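Heads up, the thing below is written out as structure tokens.
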2 protein chains.
Amino acid sequence: MAKPTKVTNSIRALRFAHGEMTQAELADRIGVTRQTVIAIEQGRYSPSLEMAFQIARVFTVPLDDVFQYPDTEE
Amino acid sequence: MAKPTKVTNSIRALRFAHGEMTQAELADRIGVTRQTVIAIEQGRYSPSLEMAFQIARVFTVPLDDVFQYPDTEE
DNA sequence: CTCCCATGTATAAAAAACTTGACATCACGA
DNA sequence: TCGTGATGTCAAGTTTTTTATACATGGGAG
């Protein structure tokens with residue numbers, strides 16, 4: 001069930017840059033559970049596009065500012 | 001199983017802009033099945049972030065050039 | 001010390017994404 | 001006309017993502 005995703009993210013940094021926003025609050029803002037935020041922040045799997053968009057929107061930054069995809073695939 | 005996604009995309013246009021690339025070829029390039037390309041192109045559901053990145057990469061455009069997310073969420 | 005709060009872990013189960021294979025249609029060329 | 005390629009649909013099945021609960025830990029405040 002575990003899929004170490006290739007996509008990395010800057011969510012933790014963005015949270016802190018936005019007034020020490022907690023995982024719970026972020027989860028609440030994007031309408032998902034805290035578990036999901038934790039899993040994504042830790043890169044346990046990559047989120048759906050929709051969630052990615054919502055996260056970027058909370059921080060008012062472009063998608064590529066939140067998520068990074070490595071050049072070469074595996 | 002059907003989830004009318006809010007995310008829209010410009011895949012079809014991008015395919016044509018790139019030498020009339022067929023759905024089958026695009027699917028092949030991003031490593032998914034033709035069915036998946038069709039479903040996404042039609043907006044039946046939103047792809048995973050990874051797939052979104054791969055699609056953007058095929059067309060060498062930024063993510064936001066391929067997918068659009070409406071301002072207000074439901 | 002004791003009580004929260006933020007973070008994290010674990011599990012099971014639901015939901016969404018993706019696959020496989022089979023089949024239908026339409027346009028186009030041989 | 002026949003065949004082939006591109007697009008699309010349907011249904012069933014697998015995998016990944018997300019939820020829901022419950023519990024553990026460490027730090028800070030009172």
Side-chain angles (χ1 to χ4, degrees), chain A residues 1-59 63-70 72-74, chain B residues 1-59 63-70 72-74:
Chain A
M1 207 191 284
K3 195 213 178 179
T5 181
K6 298 159 198 155
V7 179
T8 61
N9 68 82
S10 315
I11 297 181
R12 184 172 288 265
L14 286 165
R15 278 198 298 113
F16 280 82
H18 280 250
E20 307 267 330
M21 185 186 298
T22 73
Q23 294 176 331
E25 180 170 353
L26 174 57
D28 206 57
R29 290 236 208 153
I30 66 184
V32 298
T33 62
R34 196 168 58 83
Q35 314 285 349
T36 304
V37 169
I38 292 175
I40 295 196
E41 200 168 295
Q42 296 179 338
R44 288 212 247 132
Y45 48 69
S46 50
S48 65
L49 232 205
E50 275 188 64
M51 197 191 297
F53 267 114
Q54 289 176 38
I55 293 174
R57 183 154 298 178
V58 166
F59 297 126
L63 225 41
D64 309 81
D65 234 43
V66 185
F67 300 95
Q68 299 83 36
Y69 193 66
T72 42
E73 76 291 340
E74 184 249 344
Chain B
M1 206 192 285
K3 194 212 178 182
T5 183
K6 298 159 199 155
V7 179
T8 61
N9 67 81
S10 315
I11 297 181
R12 184 172 288 266
L14 285 165
R15 279 199 297 111
F16 279 81
H18 280 249
E20 307 267 330
M21 185 186 300
T22 73
Q23 295 176 331
E25 181 171 353
L26 175 57
D28 206 59
R29 290 235 209 155
I30 66 183
V32 297
T33 63
R34 197 168 59 82
Q35 315 284 352
T36 304
V37 169
I38 292 174
I40 297 199
E41 201 167 295
Q42 297 180 337
R44 288 214 246 136
Y45 49 69
S46 50
S48 66
L49 233 205
E50 274 188 65
M51 196 192 296
F53 268 115
Q54 290 176 38
I55 293 174
R57 183 153 298 178
V58 166
F59 296 126
L63 225 42
D64 310 80
D65 235 43
V66 185
F67 300 95
Q68 298 84 37
Y69 193 67
T72 42
E73 77 290 340
E74 178 242 347

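Below, read A as the first sequence line, B as the second, and so on, with proteins coming before strands; counting in each chain starts at 1. Worth saying up front: this structure is predicted, and the values here are computed from it rather than measured.
- Taken to the nearest 0.5 Å, the CE atom of A:M21 stands 5.0 Å off from the CZ atom of A:F59.
- Listed pair A:Q35 / D:dT21 fails the phosphate criterion, with no side-chain N or O lying under 4.0 Å from OP1 or OP2.
- The separation between A:E50 atom CD and C:dA17 atom P is 7 Å, rounded to whole Å.
- Residues B:Q68 and B:S10 share a closest heavy-atom pair of NE2-OG, 3.1 Å.
- One finds a side-chain N or O of B:T36 lying less than 4.0 angstrom from the OP1 or OP2 phosphate oxygen of C:dT19.
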Anything under 3.5 Å between a protein N or O and an N or O of nucleotides 28-30 of chain D, put it in a table, one pair a line.
none

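- Separating the CZ atom of A:F53 from the P atom of D:dT17 is a distance of 18 Å, rounded to the nearest angstrom.
- Rounded to whole Å, the distance from CD on B:Q54 to C1' on C:dC18 is 13 Å.
- Between B:S48 and D:dT16, a side-chain N or O to OP1/OP2 separation shorter than 4.0 Å is absent.
- Taken residue by residue, residues 21-34 of chain B places heavy atoms nearer than 4.0 Å to DNA chain C at B:G31, B:V32, B:T33.
- A:Q54 places none of its side-chain heavy atoms less than 4.5 Å from the side chain of A:V32.
- To the nearest 0.5 angstrom, A:Y45 atom OH is 4.5 Å from A:T36 atom OG1.
- For B:Q42, whose side chain is taken as the heavy atoms from C-beta onward, the closest listed nucleotide among C:dA17, C:dG8, D:dG8 is D:dG8.
- A sub-4.0 Å separation between OP1 or OP2 of C:dT7 and a side-chain N or O of A:R15 is present.
- Where B:E41 and A:A39 meet DNA chain D, the nucleotide closest to each residue was compared, and B:E41 sits on the side nearer the 5' end.
- Atom-to-atom, CZ of B:R12 to P of D:dA6 comes out at 13 Å; the value is rounded to the nearest Å.
- The shortest side-chain heavy-atom distance between A:F67 and A:S46 does not fall under the 4.5 Å cut-off.
- Here A:L63 contributes atom CG and B:Y69 contributes atom OH; the two are 11.5 Å apart, rounded to the nearest 0.5 Å.
- Between the CD1 atom of B:I11 and the CD1 atom of B:I38 there is a distance of 11.5 Å, given to the nearest 0.5 Å.
- Distances shorter than 4.0 Å separate none of the side-chain N or O atoms of B:R44 from OP1 or OP2 on D:dC10.
- Atom pair A:I40:CD1 and C:dT7:P shows a separation of 15 Å (rounding to whole Å applied).
- Once rounded to the nearest 0.5 Å, the distance linking CZ of A:R44 with OG1 of A:T5 reads 12.5 Å.
- Across all their heavy atoms, B:P70 and A:R57 have their closest contact at O-NH1, 2.7 Å.
- One can place OH of B:Y45 at 17 Å from C1' of D:dT18, the figure rounded to the nearest angstrom.
- For the helix from C:dC1-D:dG30 to C:dA30-D:dT1, the rotation axes defined at the first and last 5 base pairs enclose an angle of 30°, given to the nearest 10°.
- Atom CZ in A:R12 sits 13.5 Å away from atom CD1 in A:I40 (nearest 0.5 Å).
- The closest side-chain heavy-atom distance from B:H18 to B:V58 is not below 4.5 Å.
- C:dC18 atom C1' lies 15 Å from atom CG of A:L49, rounded to whole Å.
- Computed from coordinates, the A:I38 CD1 to C:dA10 P distance equals 12 Å when rounded to whole Å.
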